[in-house]
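These numbers come from the heavy atoms of this one structure, side chains and all, not from hydrogens, waters or symmetry mates.
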Amino acid sequence: MTVTFKGIDHIQLAAPEGCEKEARRFYGEMIGLKEIPKPDNLQRRGGCWFQFGSQEVHIGVQQPFVPATKAHPGLLVEGLEEFRSSLIEKGIEIKEDTPINGRCRFFVSDPFGNRIEFLEYH
């Protein structure tokens, strides 16, 4: 069998029941992602979806909920330092970590405690 891996379509982060309002505020208003509609047959599960470049970020309800404090998506951006300043102005705590050669990066936690990395190659 031959398979060709093409990329990542989406990532999913877990959140507690009733998370939608806070997810929309954080991922939509504060981070700046555009919300996209969930398919009708999945809406009853709760959560919400966002566009990130040509990929999607899905916030899904998980019970019992446990935040991902180590596992995380690494989201590639252009204009990382300007983005960092924007997040700080909005009151989002930036967390630094061990540098990686050729990459600038930082971490944030979403309102549910999930770890998210933003990075830019240089």
Side-chain angles (χ1 to χ4, degrees):
M1 180 173 99
T2 302
V3 64
T4 302
F5 294 101
K6 305 288 278 186
I8 294 175
D9 176 74
H10 71 276
I11 56 139
Q12 178 154 329
L13 295 169
E17 190 171 351
C19 65
E20 295 79 10
K21 181 178 178 181
E22 192 63 24
R24 288 182 175 107
R25 183 180 156 283
F26 182 79
Y27 288 97
E29 296 172 26
M30 299 182 89
I31 299 295
L33 302 182
K34 178 185 174 198
E35 185 173 359
I36 56 175
K38 286 183 69 169
D40 290 341
N41 62 322
L42 299 180
Q43 288 184 13
R44 64 180 170 76
R45 296 181 182 179
C48 42
W49 291 8
F50 299 90
Q51 192 72 46
F52 185 87
S54 60
Q55 292 80 38
E56 299 173 3
V57 175
H58 298 177
I59 308 303
V61 173
Q62 176 180 314
Q63 293 298 339
F65 169 68
V66 177
T69 58
K70 179 67 176 172
H72 64 275
L75 304 177
L76 189 60
V77 301
E78 289 183 9
L80 184 69
E81 291 309 312
E82 184 178 336
F83 183 57
R84 176 197 307 259
S85 295
S86 171
L87 296 178
I88 291 169
E89 287 175 14
K90 293 174 183 174
I92 296 176
E93 180 184 355
I94 304 297
K95 299 170 190 161
E96 303 295 337
D97 206 325
T98 306
I100 298 176
N101 192 25
R103 303 174 196 185
C104 293
R105 68 187 189 136
F106 63 83
F107 293 85
V108 302
S109 293
D110 75 4
F112 318 111
N114 295 308
R115 185 178 195 203
I116 303 168
E117 179 179 8
F118 291 102
L119 64 134
E120 182 174 41
Y121 288 93
H122 57 90

Determine whether more than 12 heavy atoms belonging to other residues, nucleotides or ligands lie under 6.0 Å from atom CD of Glu78. no
Under 6.0 Å from the CD atom of Glu82, do we count more than 12 heavy atoms belonging to anything else shown? no
Indicate the atoms forming the closest heavy-atom contact of [X] with [Y], along with that distance.
X     : Y     : value
Val61 : Cys19 : CG2-SG, 4.1 Å
Gly60 : Gln12 : CA-NE2, 3.7 Å
Gly46 : Lys38 : O-NZ, 2.5 Å

Can a donor-acceptor pair be found, under 3.5 Å and without considering hydrogens, that links the side chain of [X] to the backbone of [Y]?
X      : Y     : result
Asn114 : Ala68 : yes
Glu20  : Cys48 : no
Lys90  : Ile31 : no
Arg105 : Thr98 : yes

Nearest 0.5 Å please: distance from the [atom1] atom of [X] over to the [atom2] atom of [Y].
X      : Y      : atom1 : atom2 : value
Leu33  : Leu75  : CG    : CG    : 8.0 Å
Gln55  : Ile8   : CD    : CD1   : 7.0 Å
Glu93  : Ile88  : CD    : CD1   : 10.0 Å
Ser109 : Ile116 : OG    : CD1   : 7.5 Å
Glu29  : Glu35  : CD    : CD    : 10.5 Å
His72  : Glu117 : NE2   : CD    : 4.0 Å

Please verify the inter-ring angle class for Trp49 with His10; under 30° counts as parallel, over 60° as perpendicular, anything in between as tilted. parallel
Phe112 and Phe65 aromatic ring geometry - parallel, tilted or perpendicular at 30°/60° bounds: perpendicular
Pairwise side-chain contact, [X] with [Y], heavy-atom cut-off 4.5 Å (strictly under):
X      : Y      : answer
Tyr121 : Ile100 : no
Ile59  : Phe26  : no
Arg84  : Phe118 : no
Ile94  : Val108 : yes
Leu87  : Phe106 : yes
His58  : Leu42  : no
Glu120 : Arg103 : no

Under 4.5 Å between side-chain heavy atoms, hopping through other hydrophobics if needed: is there a path connecting [X] to [Y]?
X     : Y     : value
Phe50 : Ile92 : yes
Phe83 : Val57 : yes
Phe52 : Leu80 : yes

Side-chain cluster (under 4.5 Å, hydrophobic types only) that Phe5 belongs to, other residues: Val3
